[in-house]
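Here's the structure we're looking at; comments come further down.
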Protein chains: 2
Amino acid sequence: MLTKRQLFILEAIIDGYTKTAEAVGSRSISKREDVSYSPATVRNEMADLETLGFLEKPHSSSGRIPSNKGYRYYVDHLLLPRRVSESDIVDIRQLFADRITETEDVIRKSAEVLSDLTSYISVALGPDAFNTKLKHLQIVPLYESTAVAVLVTDTGSVEHRQITLPEGLEAQELEKVVRILNDRLQGVPLIELNKALYQEVASVMEQHLSQHMDVMHSLENALHTDKSEKVYYGGKTNLLSQPEFKDVDKVRSLLELLEKDEQMHQLMVPTQSGITVKIGEENDIEAFEDVSMITATYQIGGKPVGTIGILGPTRMEYSRVIGLLQYLTHDLTKMLTSWHHRE
Amino acid sequence: MLTKRQLFILEAIIDGYTKTAEAVGSRSISKREDVSYSPATVRNEMADLETLGFLEKPHSSSGRIPSNKGYRYYVDHLLLPRRVSESDIVDIRQLFADRITETEDVIRKSAEVLSDLTSYISVALGPDAFNTKLKHLQIVPLYESTAVAVLVTDTGSVEHRQITLPEGLEAQELEKVVRILNDRLQGVPLIELNKALYQEVASVMEQHLSQHMDVMHSLENALHTDKSEKVYYGGKTNLLSQPEFKDVDKVRSLLELLEKDEQMHQLMVPTQSGITVKIGEENDIEAFEDVSMITATYQIGGKPVGTIGILGPTRMEYSRVIGLLQYLTHDLTKMLTSWHHRE
DNA sequence: ATTAGCACTCAATTTAACCGAGTGCTAAAT
DNA sequence: ATTTAGCACTCGGTTAAATTGAGTGCTAAT
């Protein structure tokens, strides 16, 4: 078990390294006003903390930096979320004050605000297609054989897809189709729509429609939803101002990874609700060796449906970021849930 | 007037510098198999080309690199678009083979292909809101006071906006509104819809509708279109592999600029049709000092409506890029025009 | 007009010297 | 048994000098 003084020193080092990105020496700690013991004492403690694996030295005669294990200990035992500052609150409130009406927009804006406030990279995932259900479907004919399918989901978002209708489908037949679809498919998760189309709708269609084969084919396109959600980013270039990324190659491997939506998606899939902190190699991805990711889920009606998070250097301000994320997801959840229950 | 040999040497230097990103020396040119004169001769020619302003030296004892004036001359007089290679054709065809149904998608995909093929950054602008006209409008009610407005444009693209309807508007009244709108607003450019709403529709509305004030207010949101088009990018990280951008600060100022959609939009507004080449400071933007931008317009029904282009280091492969852009915009134009004329 | 020859230039690389922040360890002080 | 002063030692970073080599400009010979 760590002594009180060891804890203090560990925290001091994490603090100092977070601010300067440079290894912290014994003298600088000893000089603090709230510290009464000498550099030598600090050094002894440091040596102990190092053998315990919480600290490490970039080279033999340098000060100490926190190891990933040190960060992990800090996050698990020491850290308490910083209260969100007044000015941050203003910025976030601002976000929800703009009257935005689409889920996507809120998520995207949230990511922007978050990266602006933190100077790190923000990542956000919209409501999961697994949890998003069809609420209402409408097909608007445009030209003779072209139409738009408008899908309204229970998360309050709206999507449209252009589709081709079979030649010579009567307007009133189309109406019938739409009625059947709404009747059978409401409440079905988006990604299962196509499956449900065949399981639930096909037979009914057959009974009522002569062109049922052609129609089914058209609908397949209308109802297809990609599993992979879009990933939203904010402040991708923020990385470039961090001293640990003055090396272009590192930046590149990271930014290239961010282009791969599927991978990022996987990393962020909402698991347990609440805040998750992944430090360095805990992310299980090589390019993420020197970064940490803090994610938080937001919920709709009590169910976690999406994720929003921050990607920053391992020496990021955990306490502040966690505070911000808690605050933001709380508001997000409230807002989205209220939308969801309107009607 | 430049002699034949001078032209040859200019081209050789541009060529060499494009490939290696290093200043080209006299000896390396003289050693080429198709060159029979000595390094000294080459040096004399180089000196002349330098006083003419087509070449410059990074430092007094180095080889030559093309000046921006040199590139300009090359582009204007020497360059002939390289024939697009077979494998490039395959990739582009592939793009148009996927059945895509939305203008936006094609543009975005085009940008992707282009950056993949060139390893530069691609930039694309969707059809201009000035030239895009309303073709058809539909309002789909969702819940009691929420609805979706679906706008179909003459470029074949579809947009939706969520709007709030006045309390207690009867379905049949809504139908009337939609009919009036379609009647009066078809063919109006998107950005002028709101103006037209008041000029053309207000009075009619007043005659037929009790709640006309409230309705008008709702419609304002439905019909508002941002002037600034979205800008699509491909391969933003490609920049990071170019040797001239191993300096993080340069990269940052550039990437930050790319986040500013309005500015990029301005740079790319389709002016004359065809290919435009802007070299270095010709772009009138500080961050673009070391890059060139080649843009091409695509058309719908003979009218240039959008732009797609490439952003690369000044030493980029002009000839190849221009070839590619010509090929791609030609296909784009054909495809979009055919969509546009379907009906 | 062309080219061989040579002195010269200058960025880039290597080498050496030095500085200073910081450590570990020992022995004295508390 | 802690704590601390003291000191030798380490090592990255910086600066300065030396070396290298690709390339030039100019002159005189072809």
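Just so we're on the same page: letters track the sequence lines, and every chain starts at 1.
- The residues Arg315(A) and Glu244(A) are annotated as salt-bridged, a charged nitrogen and a carboxylate oxygen being separated by less than 4.0 angstrom.
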For nucleotides 7-11 of chain D, which of its nitrogen or oxygen atoms have a protein nitrogen or oxygen under 3.5 Å away, and what is each distance?
| from | atom 1 | to | atom 2 | distance (Å) |
| --- | --- | --- | --- | --- |
| dT10(D) | O3' | Ser60(A) | OG | 3.0 |
| dT10(D) | O2 | Ser61(A) | OG | 2.6 |
| dC11(D) | OP1 | Ser60(A) | OG | 3.1 |
| dC11(D) | O5' | Ser60(A) | OG | 3.4 |
| dC11(D) | O4' | Ser61(A) | OG | 3.1 |

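- Taking atom CG of Leu49(A) as the reference point, atom P of dG24(C) lies 12 Å away to the nearest angstrom.
- OP1 or OP2 of dT4(D) lies within a sub-4.0 Å distance of a side-chain N or O belonging to Thr41(A).
- Protein atom CD of Glu45(A) is 15 Å distant from nucleotide atom C1' of dG24(C), rounded to whole Å.
- In this model, the phosphate group of dT23(C) is not approached by any side-chain N or O of Arg27(A) to a distance below 4.0 Å at OP1 or OP2.
- Within a 6.0 Å radius of NZ in Lys109(B), no more than 12 heavy atoms belonging to other residues, nucleotides or ligands are found.
- The interatomic distance linking Met46(B) (CE) with dA22(D) (P) rounds to 16 Å, in whole Å.
- Atom CD1 of Ile65(B) is separated from atom C1' of dA22(D) by 16 Å (rounded to the nearest Å).
- Rounded to a whole Å, the CZ atom of Arg5(B) is 11 Å from the C1' atom of dT3(C).
- Regarding Glu50(B), its CD atom lies at a distance of 7 Å from the P atom of dG25(D), rounded to whole Å.
- Note: CD1 (Ile29(A)) to P (dG22(C)) measures 11 Å, nearest angstrom.
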> Taking it one step at a time, do Glu259(B) and Lys236(B) satisfy salt bridge (charged side-chain N to carboxylate O under 4.0 Å, His left out)?
Replying inline: CA-CA 11 Å; Glu259(B) 310 259 290; Lys236(B) 271 189 186 179; 3.2 Å; yes
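- Between Ser26(B) and dG23(D) there is no side-chain polar atom (N or O) within less than 4.0 angstrom of OP1 or OP2.
- In terms of position on DNA chain C, the residue among Pro39(B) and Ser28(A) whose nearest nucleotide sits closer to the 5' end is Pro39(B).
- The aromatic rings of Tyr71(B) and Tyr318(B) sit tilted, their planes meeting at an angle between 30° and 60°.
- Across the protein-nucleic acid pair, Lys57(A) atom NZ and dA21(C) atom P stand 18 Å apart, rounded to whole Å.
- Using a 4.5 Å cut-off on side-chain heavy atoms (C-beta onward), Ile13(B) and Leu55(B) make contact.
- Sorted pairs that involve residues 20-41 of chain A and meet ring pair (Phe, Tyr, Trp, His ring centres under 6.0 Å), not counting sequence neighbours, are lacking altogether.
- Counting non-hydrogen atoms of neighbouring residues, nucleotides and ligands closer than 6.0 angstrom, the CZ atom of Arg108(B) exceeds 12 such neighbours.
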